[in-house]
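Both ligands and their constituent atoms are indexed starting at 1 by order of listing. Because the structure is predicted, anything quoted here is derived from the model rather than measured.
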Amino acid sequence: MVSVDPALVPDASGHFGPYGGMFVPETLMTALQELEREYRTAAADPAFQLELSGLLRDFCGRPTPLYFAERLTGKLGGAQIFLKREDLLHTGAHKINNAIGQILLARRMGKSRIIAETGAGQHGVATATAAARFGFDCVIYMGAVDMERQALNVARMKFLGAEVVPVTAGQATLKEAINEAMRDWVTNVRTTHYILGSALGSHPYPMIVRDFHKIIGEETREQIIARTGRLPDHLIACVGGGSNAIGFFHAFLADGSVRLTGVEAGGEGIICGRHAARFQGGKLGVLQGTKTWLLADDDGQIELTHSVSAGLDYAAIGPEHSYYRDNGRISYDFATDDEALAAFRTLAEIEGIIPALESAHAIAHVIKIAPSLPSDRILIANLSGRGDKDVHQAAEILL
Ligand SMILES: *Cc1c(COP(=O)(O)O)cnc(C)c1O
């Protein structure tokens with residue numbers, strides 16, 4: 001097993017090995033440098049950390065439980081399965097960890113307006129929630145197709161006082177929403193902070209978003225040791241941009257005995273345009289500020305992507321994941337739409353937990369591997385979000 005020192009990445013220029021960096025218009029360089037400076041000052045400021053941890057506890061509901069999935073373990077008949085319950089957080093997914101952290105940075109920088117992109121709407125809801133809590137104006141860019149499949153989250157954002165701007169360009173999903181948010185930011189950069197929602201985009205975002213989610217893995221480590229007296233054997237998380245996965249894995253990266261697996265969206269199978277598994281047929285490229293693995297054709301044109309879960313439906317993966325894939329510390333697999341939908345059903349029926357379709361990809365992987373493992377093995381899946389937002393869509397397919 002490779003040994004890695006997670007403290008070494010990103011380097012001072014925002015690179016994870018050959019990945020990452022700052023591929024942005026000149027007008028945004030100053031804002032990104034200001035953000036990095038402010039973040040580094042805040043991270044070292046005990047008053048900032050105290051306020052953040054107070055909000056995470058009292059407003060968001062941390063720590064989240066580590067739950068032993070007894071009936072799923074019994075049904076699969078192999079490894080012991082635990083779930084990290086990020087689905088129980090305020091607003092229903094891990095996204096609020098980052099939204100709350102970044103809004104505190106926006107306030108420190110004296111900004112008055114917040115913008116964000118959203119795919120499934122979870123990041124939009126988390127950002128609108130943070131903006132309401134701190135009294136910021138808030139504009140959320142969302143693909144028109146995503147607005148249709150995630151109507152509940154659109155209504156939630158509106159109730160929270162955000163303006164939701166539909167984006168109809170291209171595939172009208174997350175990539176186009178990010179383009180519009182970047183355009184807004186270039187225009188309004190002096191008053192506006194862009195709360196990017198995954199471990200993606202230009203430096204310093206992949207680092208900042210990861211750091212605000214590291215608490216997921218830190219809690220998990222403490223909880224599993226308190227409960228079983230040892231480290232787990234294997235952690236599993238779904239990977240869209242990669243924020244819940246890197247936050248969950250980070251505290252275990254230096255423990256070579258703990259296997260780490262990221263699960264991408266296999267969509268309808270690994271057929272060009274019908275999936276979003278960047279490590280299955282993807283290539284190195286630059287998209288929306290960062291150099292990383294992505295789905296593009298031979299001319300560098302970004303390919304269409306598909307996943308039943310809007311939150312995994314994106315052509316690029318966060319640069320830190322490309323780095324750990326190269327050095328072998330994290331392995332990557334995929335689950336198809338059908339496998340994720342079956343896992344969605346199974347977890348609901350067997351454990352009384354309706355998972356987000358994104359998280360159902362991680363559960364699908366658990367269902368694949370747990371039966372052949374001995375019963376003294378410990379698997380932990382990150383249940384990144386709850387499935388309320390997906391009930392309508394799943395009912396149309398499954399009921
Ligand atoms: C947004 C989202 C994801 C995917 O984003 P990552 O940055 O890869 O974590 C996964 N699960 C849920 C519940 C989400 O809302």
Side-chain angles (χ1 to χ4, degrees), residues 64 83-99 116-127 129 140 142-143 146 149-150 152-153 156-157 173-174 177-178 195-201 205-206 208-214 216-217 236-250 261-265 276-279 288 290 292 305 307-322 330 332 334-335 340 343-344 347 353-365 381-391 393:
T64 59
L83 305 175
K84 178 61 172 166
R85 299 292 308 273
E86 294 295 293
D87 62 314
L88 293 177
L89 276 182
H90 183 40
T91 71
H94 69 290
K95 298 272 184 354
I96 192 85
N97 300 323
N98 169 53
E117 84 297 338
T118 197
Q122 285 303 116
H123 177 56
V125 168
T127 300
T129 298
I140 306 291
M142 187 168 188
D146 288 338
R149 44 182 179 177
Q150 300 292 348
L152 175 69
N153 275 343
R156 292 168 82 195
M157 287 183 261
T173 58
L174 182 59
I178 296 178
I195 299 191
L196 205 138
S198 189
L200 275 172
Y205 282 109
I208 290 177
V209 176
R210 172 198 71 191
D211 287 355
F212 285 139
H213 285 303
K214 281 194 318 202
I216 306 171
I236 295 153
C238 67
V239 187
S243 68
N244 87 87
I246 200 70
F248 183 48
F249 294 158
H250 199 270
T261 300
V263 184
E264 296 185 280
R278 289 67 42 108
F279 290 143
Q288 296 178 325
T290 193
T292 188
T305 53
S307 169
V308 69
S309 64
L312 303 183
D313 196 353
Y314 182 66
I317 191 165
E320 189 160 11
H321 287 281
S322 292
I330 305 178
Y332 295 83
F334 62 91
F344 176 92
L347 201 69
I353 298 170
I354 299 180
L357 282 173
E358 291 83 6
S359 323
H361 286 70
I363 304 301
H365 192 75
N382 192 31
L383 202 62
S384 53
R386 71 177 84 121
D388 306 36
K389 69 184 175 59
D390 299 316
V391 161
Q393 191 193 353

N/O donor to acceptor pairs below 3.5 angstrom from side-chain atoms of residues 239-250, sequence neighbours left out:
residue : atom : partner : partner atom : Å
Ser243  : OG   : His94   : NE2          : 3.1
Asn244  : OD1  : Asn382  : ND2          : 2.9
Asn244  : ND2  : Cys238  : O            : 3.1

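For Phe212, the ring pair (Phe, Tyr, Trp, His ring centres under 6.0 Å) partners are Tyr39, not counting sequence neighbours. Remark: His321 engages Tyr332 in a ring pair (Phe, Tyr, Trp, His ring centres under 6.0 Å) (not counting sequence neighbours).
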Any protein N/O atoms within less than 3.5 Å of an N/O atom in ligand 1? List the atom names and distances, or say none.
residue  : atom   : partner : partner atom : Å
ligand 1 : 7 (O)  : Ser198  : OG           : 2.5
ligand 1 : 7 (O)  : Gly242  : N            : 3.3
ligand 1 : 7 (O)  : Ser243  : N            : 2.8
ligand 1 : 7 (O)  : Ser243  : OG           : 2.7
ligand 1 : 8 (O)  : Gly240  : N            : 2.7
ligand 1 : 8 (O)  : Gly241  : N            : 3.2
ligand 1 : 8 (O)  : Gly242  : N            : 2.7
ligand 1 : 9 (O)  : His94   : NE2          : 3.1
ligand 1 : 9 (O)  : Ser243  : OG           : 3.2
ligand 1 : 9 (O)  : Asn244  : N            : 2.8
ligand 1 : 9 (O)  : Asn244  : ND2          : 2.8
ligand 1 : 11 (N) : Ser384  : OG           : 2.7
ligand 1 : 15 (O) : Lys95   : NZ           : 2.7

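In this structure, the separation between CD1 on Ile208 and NE2 on His213 is 12.0 Å, given to the nearest 0.5 Å.
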Quiz prompt | side-chain contact (heavy atoms from CB on, under 4.5 Å) between Asp313 and Arg149, worked out | solution = CA-CA 13 Å; Asp313 196 353; Arg149 44 182 179 177; 3.0 Å; yes
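In terms of heavy-atom proximity, Ala340 sits nearest to Leu357 at CB-O, 4.3 Å.
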